[in-house]
Amino acid sequence: MNVQQPDILVVGGGLGGVAAALAACRAGRNVVLTEETDWIGGQLTSQAVPPDEHPWVEQFGTTASYRSLREGIRQYYRQWYPLRSEALALTELNPGAGRVSKLCHEPRVALAVLESMLAPHRAAGRLVVLTEHRPVAVESDNDVIRAVTLASLRDGSRRTLSARYVVDATETGELLALADVEHANGAEAQGEFDEPHAPAEAQPLNQQGITVCFALSHHAGQDHTVDRPEDYAFWRSYRPDFWPGPLLGFEAPDPRTLEPVPRTFVPNPALDPLDVTADQSADAGDKELWGFRRILARTMHRPGSFDSDITLVNWPLNDYWLKPYIGEEEQALREARQLSLSLLYWLQTEAPRQDGGTGFPGLRIRPDVTGTADGLAKAPYIRESRRIKAVTTVTEHDVAIDLVGPRGGTRYRDSVGVGGYRIDLHPSTGGDNYIDIGSVPFEIPLGALVPRRVRNLLPAGKNIGTTHITNGCYRLHPVEWNVGEAAGALAAHCLAEDVEPHQVQADDKHFDEFARVLDRAGVQRHWPDVRGY
């Protein structure tokens with residue numbers, strides 16, 4: 001395969017990028033997949049975020065390939081970990097017994113499974129993966145992307161790749177900016193789509209906060225206290241206007257009610273992990289911090305196998321929103337990293353304990369879990385991207401329970417998938433508190449993947465045609481995968497049938513042909529009768 005001339009170039013190796021590459025390779029197309037870090041998988045791996053999913057995920061509401069990813073993760077634990085017999089027998093094994101998801105697990109396990117899914121296509125020569133590469137320039141003319149220049153983060157060398165179709169699976173919609181593709185950033189004005197929760201005027205710098213995640217274990221009687229972070233004095237005293245106290249504290253707003261709610265923190269609790277249930281429609285699960293995003297539960301395994309749980313720290317206490325990430329990436333990332341290190345130091349030295357003491361010096365940050373020298377995730381968890389100005393824009397009127405009723409929601413003739421999650425916006429750089437709104441199970445319209453003007457660029461992640469508001473429910477793991485899978489399949493279909501995405505979206509006959517491709521691949525495009533939450 002000529003690396004310079006793939007059929008399809010997928011820029012960005014997160015969940016959407018991997019799904020796009022898999023779909024295109026399954027269709028027999030040659031693909032180059034690039035990734036800025038040295039791990040594919042994005043929010044599931046390099047950002048270290050266990051999957052946020054809807055409550056029906058074990059029965060329906062995802063693509064077949066996403067179910068294969070989930071089952072592959074479970075099978076990895078069954079094959080290689082010393083699970084006790086009761087856990088080994090569970091069909092719906094939740095390895096970490098975290099409350100955020102029915103499948104909480106370590107980043108490296110997801111990485112291993114994703115790599116195995118790509119392996120046959122790499123062996124066949126259909127797929128080339130370029131890690132530690134980022135896009136730096138785009139050539140385009142006549143509404144067509146002609147080439148993308150990539151820079152190696154290892155040695156600074158550059159290479160320019162051309163492809164018939166280019167998929168933007170970057171975390172921030174980088175190609176949209178580099179190619180001058182019409183896009184939105186931040187919050188749209190209320191007058192644009194008449195969304196009840198939109199601001200009166202457009203706020204392009206008002207973006208959801210980012211989070212630099214990290215993993216912790218706890219070892220009683222040991223001292224793993226890190227050096228005092230450079231910005232610790234600032235973060236220790238920081239009190240947001242809309243917060244009930246200091247950010248570094250165990251009291252924080254309930255995202256759904258905004259009422260102050262104390263969080264508890266007890267490392268390695270005695271509760272049997274097999275008794276933990278994860279159902280965000282009933283309980284967000286975020287009140288008990290250790291168990292919220294636990295990714296390894298020691299007593300899930302045979303006695304003596306592990307001396308501590310491992311929990312993933314992605315909490316209200318380390319959400320960063322002082323500067324917008326898009327536009328101020330370097331400074332925002334530095335400050336977000338300092339916030340996470342300050343949280344760690346506060347937990348080790350000053351956090352109140354239930355026995356009346358302070359500090360948990362036995363907390364140990366886990367570089368082995370995140371694959372980094374300092375133990376912080378390889379990349380920040382980015383909740384909001386640049387978003388294309390699309391043929392179809394999904395707005396609050398399409399998904400909010402208060403507007404459509406619990407069984408309402410827009411049904412699209414061009415649906416290419418489904419998803420479900422509350423409209424969940426974290427505190428933002430514009431000074432907004434949580435915006436957490438009930439929503440209905442939704443469909444993904446193909447029109448949200450089709451730019452209004454550009455003919456051969458497709459989004460494959462959080463950069464589809466949503467708004468600042470509806471991005472809050474379209475941004476999660478299974479939806480990003482579904483969007484990527486649809487984008488990769490669409491690019492391959494357009495090449496095979498000599499049509500363009502706009503034609504497939506607009507013409508019923510062309511769309512029906514593409515829909516059959518998705519149906520054969522196991523992409524669910526419509527929901528059964530379920531109720532939103």
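We're numbering straight along the sequence, starting at 1. What you are looking at is a predicted structure, and each value in this text was computed from that prediction instead of being measured.
Thr170 places a side-chain N or O within donor-acceptor distance of the main-chain N or O of Glu174, the cut-off being under 3.5 Å. With Gln47 contributing its side chain and Cys213 its backbone, the two residues share no donor-acceptor pair below 3.5 Å. Glu384 places a side-chain N or O within 3.5 Å of a backbone atom of Gln208 that can act as its donor or acceptor partner. Asn482 places a side-chain N or O within 3.5 Å of a backbone atom of Val418 that can act as its donor or acceptor partner. With hydrogens and angles ignored, the 3.5 Å screen pairs a side-chain donor or acceptor of Thr470 with a backbone N or O of Val394. Arg134 contributes no side-chain N or O that, together with a main-chain N or O of Leu153, makes up a donor-acceptor pair within less than 3.5 Å. In this structure, Ser428 contributes its side chain and Asn206 its backbone to no donor-acceptor pair below 3.5 Å. His477 contributes a side-chain N or O that, together with a main-chain N or O of Asp52, makes up a donor-acceptor pair within less than 3.5 Å. The main-chain N or O of Asn94 is never found under 3.5 Å from a side-chain atom of Glu92 such that the two would form a donor-acceptor pair.
In this structure, CG in Asp432 is found 8.0 Å from CZ in Phe242, a value given to the nearest 0.5 Å. Residue Thr467 holds its OG1 atom at 6.5 Å from CZ of Arg387, rounded to the nearest 0.5 Å. Taken to the nearest 0.5 Å, the CG atom of Leu93 stands 10.5 Å off from the CZ atom of Arg70.
For residues 462-477, the pairs satisfying salt bridge (charged side-chain N to carboxylate O under 4.0 Å, His left out) are Glu171-Lys462, Asp424-Arg475, Lys462-Glu480, with sequence neighbours left out. Here side-chain hydrogen bond (donor to acceptor under 3.5 Å, both in side chains) pairs that include residues 107-117, with residues two or more places apart or in two chains, are Glu115-Arg122. Each salt bridge (charged side-chain N to carboxylate O under 4.0 Å, His left out) pair with one or both residues in residues 347-364, not counting sequence neighbours, appears once here: Arg236-Glu350, Arg353-Asp355. Note on residues 259-270: pairs passing salt bridge (charged side-chain N to carboxylate O under 4.0 Å, His left out), not counting sequence neighbours, are Arg263-Asp286.
With contacts defined as side-chain heavy-atom distances shorter than 4.5 Å, the pair Pro316/Trp243 qualifies.
In terms of the ring pair (Phe, Tyr, Trp, His ring centres under 6.0 Å) criterion, residue partners of Tyr81 (sequence neighbours excluded) are, by chain and number, Tyr77, His301. Gln75 meets the side-chain hydrogen bond (donor to acceptor under 3.5 Å, both in side chains) test with Arg78; sequence neighbours excluded. Gln338 is linked by a side-chain hydrogen bond (donor to acceptor under 3.5 Å, both in side chains) to nothing, counting only residues two or more places apart in sequence or in another chain. With sequence neighbours excluded, the residues satisfying salt bridge (Lys or Arg N to Asp or Glu O under 4.0 Å) with Asp254 are Lys287. Residues satisfying the salt bridge (Lys or Arg N to Asp or Glu O under 4.0 Å) test with Asp309, not counting sequence neighbours, are Arg294, Arg298. Applying the salt bridge (Lys or Arg N to Asp or Glu O under 4.0 Å) test to Asp402 and every residue at least two apart in sequence or in another chain returns nothing. Listed by chain and residue number, nothing satisfies the ring pair (Phe, Tyr, Trp, His ring centres under 6.0 Å) test with Tyr381 (two or more places apart in sequence, or in another chain). Looking at residues two or more places apart in sequence or on another chain, you find a side-chain contact (heavy atoms from CB on, under 4.5 Å) between Ser65 and Arg26, Thr63, Trp481, Glu485.
Under a 4.0 Å N-O distance rule, the pair Arg386/Asp168 does not qualify as a salt bridge.
For an aromatic pair to be called close, the ring centres must be under 6.0 Å apart, and Trp315 with Phe250 fails this. Two rings, from Tyr325 and Tyr320, have their centers 6.0 Å or more apart.
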Next on the checklist: With side chain to side chain donor-acceptor pair (under 3.5 Å) as the criterion, how do Arg383 and Thr211 come out once you've worked through the C-alpha distance, each side chain's angles and the decisive distance to 0.1 Å?
Outcome noted: CA-CA 9 Å; Arg383 297 180 174 88; Thr211 305; 3.0 Å; yes

Checklist entry - Checking side chain to side chain contact (heavy atoms under 4.5 Å, CB included) for the pair Leu90/Leu83: CA distance, chi angles, key distance, verdict? => result CA-CA 10 Å; Leu90 289 176; Leu83 291 165; over 6 Å; no

